[in-house]
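These notes are about the structure you will find just below.
None of the values given here were measured: they were computed from a predicted structure.
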Amino acid sequence: MRCMYCDCTESKVIDSRSADDDRTIRRRRECMGCGRRFTTYETIEVTPVLVVKSDGNRQAFDVGKIKRGIVKACEKRPVPAEKIDRLSEEIAKRVYNSMEPEISSKAIGELVMEGLKELDEVAYVRYASVYRSFKDISSFMSELQSMMEKKSK
C-alpha cells in the first residue's frame, strides 16, 4: 500500500475492523517512511455478470433491480423488509455462485418467482402476471390452479 503523503510503499497495520455489514475491512495504517497514519478499505472484487435480455441485449446484473421488482410485487402485503432483502441477496448469491459470465433474464425471473412463492403467494401471482405476460384470464387461472394443486399435496 502506497502512502498518500510521501509515496512510501512500506506501512504497518495499526487496527483492522469490519465495516459495511462485514463486506469490507477497514484498516488503519502507519507509514514506515513519514510516520503519518491513513485508512484503507479492502472489499471483495466481484466479477461482473451480464444479463441476457429476451431481445438479445446485454446489461450488467443489478441486484437493486431485482429488489425493486420484489418490493413492487410485495406492495401492500405483510412482508417484512428484511425478508425482501434476504430474498434479493439470496438471488444475487445464486447468480454469482453459478460462476457463469452471463445469465438469461428468464432464469433470473424464475429465481425471483421461486423465492416469492415461498415468501407470499399474492406477491408471487402479481410478479408472475407481469413476468409471464398473462394474455387472458384463462392463462391466469391455470397458474392459480397449478398453485392450488401443489398446495393441496
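Using a 4.5 Å heavy-atom threshold, the side chains of R68 and D62 count as touching. For the pair E100 and V49, the minimum side-chain heavy-atom distance is 4.5 Å or more. Looking only at side-chain heavy atoms (C-beta outward), I70 and Y127 stay at 4.5 Å or farther from each other.
No continuous path of ILVMFWY side-chain contacts below 4.5 Å connects V71 to V122, so the two sit in separate hydrophobic clusters. Both M113 and L111 belong to a common hydrophobic cluster when Ile, Leu, Val, Met, Phe, Trp and Tyr are linked at side-chain heavy-atom distances under 4.5 angstrom. Both Y96 and I66 are part of a single hydrophobic cluster, where members link through side-chain heavy atoms under 4.5 Å apart. Hydrophobic clustering places V63 together with V95 (ILVMFWY residues linked when any side-chain heavy atoms are closer than 4.5 Å, directly or through intermediates).
Residues R27 and S16 approach most closely at NH1-OG, 2.8 Å, considering heavy atoms. Residue L87 comes nearest to G115 through the heavy atom pair CD1-CA, 3.6 Å, listed as atom of the first residue, atom of the second, then distance. Counting all heavy atoms, side chain and backbone alike, A73 lies closest to L116 at CB-CD1, 4.1 Å. Heavy atoms only, all atoms of each residue included: S104 and V51 are closest at C-CG1, 4.4 Å. Minimum interatomic distance between C34 and C31 (heavy atoms only, all atoms of both residues): N-SG, 3.4 Å. Nearest heavy-atom pair across K65 and K53 is NZ-NZ, 3.7 Å.
Taking CD1 from I103 and CG from L50, the interatomic distance works out to 11.5 Å, rounded to the nearest 0.5 Å. The line from CE of M4 to OG of S11 is 13.0 Å long, rounded to the nearest 0.5 Å. Rounding to the nearest 0.5 angstrom, the gap separating the CD atom in E114 from the OH atom in Y124 is 10.0 Å. The CD1 atom of I14 lies 4.5 Å from the CD atom of E30; values are rounded to the nearest 0.5 Å. Rounding to the nearest 0.5 angstrom, the gap separating the SG atom in C3 from the CZ atom in R36 is 7.5 Å. The distance from the CD1 atom of I84 to the CD atom of E82 is 10.5 Å, given to the nearest 0.5 Å.
The backbone N or O of M1 lies less than 3.5 Å from no partner atom in the side chain of R29, so there is not a single donor-acceptor pair. Checked by atom type and distance alone, the side chain of R58 pairs as donor or acceptor with a backbone atom of G56 at under 3.5 Å. Under a 3.5 Å cut-off, the side chain of R2 and the backbone N or O of D7 do form a donor-acceptor pair.
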For this session: Take D120 and R126 through the side chain to side chain contact (heavy atoms under 4.5 Å, CB included) test and state the conclusion after the steps.
Result: CA-CA 10 Å; D120 186 89; R126 284 179 179 170; over 6 Å; no
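With respect to K93 and E89, no salt bridge is recorded, no charged nitrogen being found less than 4.0 Å from a carboxylate O. With salt bridges taken as basic N to acidic carboxylate O contacts below 4.0 Å, none links R37 and D15.
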